[in-house]
Chemist: 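Before we start, here is the structure in question, set down as structure tokens.
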Amino acid sequence: MVDNVLEARNLRKEYAGFALRDVSLTIPRGYILGLIGPNGAGKTTTIRMLMNIVKPSAGEIRIFGMDPAENEKAVKDRIGFVGDEQFYYENRSVAWTEKFVSRFFDNWNGELFGRLLGGFGIERSAAISRLSKGMRVKLSIAIALSHDPEFLVLDEPTAGLDPVVRREVLDRLMEFRGNEERSILISSHITDDIMRVADGVAFIVDGAIVLRDEKDSIAADWKRIHFRPGAVAGRALAGLSCVRESAFGHSGITREYSKIKEELARGAASGDVRVENATLDDVLISFVKGE
């Protein structure tokens with residue numbers, strides 16, 4: 001059994017007006033990695049290359065230690081995949097859809113599929129054309145989980161869903177992860193979802209990975225500093241990005257809090273400096289703005 005379910009090295013893909021540049025990702029067994037980026041950053045292109053839907057211009061991919069292009073059936077039999085869009089035969093039922101997709105997997109579990117449908121409130125007799133966007137995503141999750149996959153690959157699964165459905169989908173993912181041998185790659189621009197479920201985060205901006213770190217390390221290193229005029233100077237001030245006026249005075253983001261903590265101590269003691277954890281949105285915006 002390989003320790004890493006995914007190893008992708010130096011992936012490149014070029015389109016007119018866009019290029020994915022040397023993207024590398026590693027996901028250990030039992031790990032959830034969130035792939036965060038704005039729309040058009042390269043999240044979907046990366047995932048489509050991993051799923052052998054799009055051929056990379058350069059680079060190497062290994063899933064379960066195998067090349068997915070050369071071992072597509074063996075690899076995909078162990079992956080649950082939910083794409084950014086759900087495509088079904090509109091004039092068919094959920095039951096017909098199950099019969100159709102189950103033929104592609106060696107370990108299809110009809111009983112589990114039925115339980116998942118029940119938990120999601122989907123009838124087997126329901127027509128695909130009558131399902132809402134949220135129900136279609138739930139159906140895709142049910143299909144992805146019903147052949148006992150070891151690795152889930154999810155491309156924007158909660159985009160466009162209301163908060164109740166989003167929470168339901170995320171809870172189901174955490175149940176799947178309850179088995180420590182299972183791993184998940186989930187892409188999203190909804191950072192709250194990533195913060196809820198992921199162990200680590202990779203930020204992708206303009207086709208390149210700009211940061212890959214553990215979620216807890218990001219929380220420790222990245223801080224939003226609120227300060228009154230004159231309370232922050234020198235290296236501490238130079239290290240702030242996205243500085244703007246605020247109700248407190250000014251605020252900015254640092255990615256090296258441990259290095260400037262002592263410089264901020266006096267202002268913090270006097271109440272002229274206030275420190276809080278930067279959100280994943282803060283981190284993403286800092287990179288998007290080039291700061």
Side-chain angles (χ1 to χ4, degrees), residues 1-11 23-37 42-53 56 59-84 104-109 112 116 137 140-158 166 168-188 190-204 209 211-218 280:
M1 182 180 294
V2 295
D3 292 331
N4 295 324
V5 297
L6 169 68
E7 295 178 345
R9 299 186 184 92
N10 302 317
L11 299 182
V23 168
S24 296
L25 294 172
T26 299
I27 300 180
R29 189 169 294 277
Y31 191 89
I32 301 179
L33 178 67
L35 182 61
I36 294 178
K43 301 187 300 297
T44 294
T45 298
T46 299
I47 286 178
R48 288 178 177 174
M49 286 194 290
L50 299 180
M51 293 302 298
N52 199 35
I53 298 171
E60 180 182 32
I61 301 170
R62 290 290 182 271
I63 301 178
F64 309 118
M66 296 181 284
D67 183 335
E70 297 178 358
N71 304 274
E72 188 163 17
K73 176 65 170 68
V75 168
K76 289 186 175 179
D77 210 36
R78 299 165 67 183
I79 294 178
F81 174 61
V82 178
D84 58 329
F104 295 96
F105 300 105
D106 292 340
N107 298 312
W108 183 262
N109 187 330
L112 173 59
L116 290 169
V137 172
S140 295
I141 294 289
I143 291 172
L145 295 177
S146 292
H147 61 281
D148 194 28
E150 301 168 47
F151 182 30
L152 277 184
V153 179
L154 309 165
D155 187 11
E156 298 278 7
T158 59
R166 280 172 51 204
E168 193 175 356
V169 169
L170 294 174
D171 287 347
R172 186 63 64 180
L173 298 183
M174 294 306 293
E175 288 178 17
F176 168 85
R177 195 280 180 89
N179 181 331
E180 292 295 327
E181 294 297 312
R182 293 171 172 170
S183 306
I184 300 175
L185 171 63
I186 175 171
S187 82
S188 182
I190 304 175
T191 56
D192 285 348
D193 292 349
I194 299 297
M195 198 67 187
R196 182 176 298 278
V197 301
D199 300 304
V201 181
F203 290 85
I204 184 168
I209 300 293
L211 176 67
R212 164 68 176 91
D213 208 343
E214 301 302 296
K215 187 174 65 177
D216 291 344
S217 295
I218 292 173
L280 295 182

Chemist: Looking at D77 and K73, does any basic side-chain N land under 4.0 Å from a carboxylate oxygen?
Modeler: yes
Chemist: Roughly how far apart are D199 CG and K215 NZ, rounded to 0.5 Å?
Modeler: 6.5 Å
Chemist: Determine, step by step, whether I184 and V197 satisfy the side-chain contact (heavy atoms from CB on, under 4.5 Å) criterion, reporting the C-alpha distance in whole Å, the side-chain angles of both residues, the deciding distance to 0.1 Å, and the verdict.
Modeler: CA-CA 10 Å; I184 300 175; V197 301; over 6 Å; no
Chemist: Excluding sequence neighbours, so at least two apart, what forms side-chain hydrogen bond (donor to acceptor under 3.5 Å, both in side chains) with K76?
Modeler: E72
Chemist: Decide yes or no on side-chain contact (heavy atoms from CB on, under 4.5 Å) for N109 and D148, but give the supporting numbers first.
Modeler: CA-CA 8 Å; N109 187 330; D148 194 28; over 6 Å; no
Chemist: Within this structure, what is the NZ-CD1 distance for the pair K43 and I186, rounded to the nearest 0.5 Å?
Modeler: 11.5 Å
Chemist: Measure from the side-chain N and O atoms of Y31 to the backbone N and O of G200, and report whether any donor-acceptor pair falls under 3.5 Å.
Modeler: yes
Chemist: Rounded to the nearest 0.5 Å, what separation is found between the CD atom of E150 and the CD atom of E181?
Modeler: 8.5 Å
Chemist: Search all heavy atoms of R182 against all heavy atoms of F176 and return the closest pair with its distance.
Modeler: CD-O, 3.2 Å
Chemist: Could you check whether D171 pairs with R196 (Lys NZ or Arg NE/NH1/NH2 to Asp/Glu carboxylate O, under 4.0 Å)?
Modeler: no
Chemist: I want to check something: taking the side chain as every heavy atom from C-beta on, are R62 and D67 in contact at a cut-off of under 4.5 Å?
Modeler: yes
Chemist: Tell me, with the steps shown, if L11 and L50 meet side-chain contact (heavy atoms from CB on, under 4.5 Å).
Modeler: CA-CA 10 Å; L11 299 182; L50 299 180; 4.2 Å; yes
Chemist: Any side-chain heavy-atom pair from D213 and F203 closer than 4.5 angstrom?
Modeler: no
Chemist: Which pair of non-hydrogen atoms, one from R177 and one from G30, has the smallest distance, and what is that distance?
Modeler: NH2-O, 3.1 Å
Chemist: What residues form a ring-ring contact (aromatic ring centres under 6.0 Å, His included) with F105, not counting sequence neighbours?
Modeler: H147
Chemist: Nearest 0.5 angstrom please: L35 CG to E156 CD, how far?
Modeler: 9.0 Å
Chemist: Taking all non-hydrogen atoms of both residues, which atom of L116 and which atom of S146 are closest, and how far apart?
Modeler: CD1-OG, 3.6 Å
Chemist: Taking I32's backbone N and O only, do any of them form a donor-acceptor pair with S183's side chain (distance below 3.5 Å, no angle check)?
Modeler: no
Chemist: Any side-chain donor-acceptor pair under 3.5 Å between S187 and D155?
Modeler: yes
Chemist: What residue among L154, L152, I53 forms side chain to side chain contact (heavy atoms under 4.5 Å, CB included) with F81?
Modeler: I53
Chemist: CD1 of I204 to OG1 of T46: how many Å apart, nearest 0.5 Å?
Modeler: 4.0 Å
Chemist: Can you tell me how far apart CZ (F151) and CD1 (I79) are? Round to the nearest 0.5 Å.
Modeler: 6.0 Å
Chemist: Decide side-chain contact (heavy atoms from CB on, under 4.5 Å) for R212 and T26; before the verdict, give the C-alpha distance in whole Å, the side-chain angles of both, and the deciding distance to 0.1 Å.
Modeler: CA-CA 10 Å; R212 164 68 176 91; T26 299; over 6 Å; no
Chemist: Spell out, as yes or no, whether a donor-acceptor pair under 3.5 Å connects the side chain of S188 to the backbone of G34.
Modeler: no
Chemist: Please name all residues satisfying side-chain hydrogen bond (donor to acceptor under 3.5 Å, both in side chains) with T158, sequence neighbours left out, ordered by chain then number.
Modeler: D193
Chemist: Tell me the closest heavy-atom pair linking I209 and V23, and the distance in Å.
Modeler: CG1-CG1, 3.9 Å
Chemist: Which heavy-atom pair separates P149 from A144 by the least distance, and what is that distance?
Modeler: CG-O, 3.2 Å
Chemist: What is the minimum heavy-atom distance between P68 and I61, and which atoms define it?
Modeler: CD-O, 3.5 Å
Chemist: Quick check: do D84 and R48 have side-chain heavy atoms less than 4.5 Å from each other?
Modeler: yes
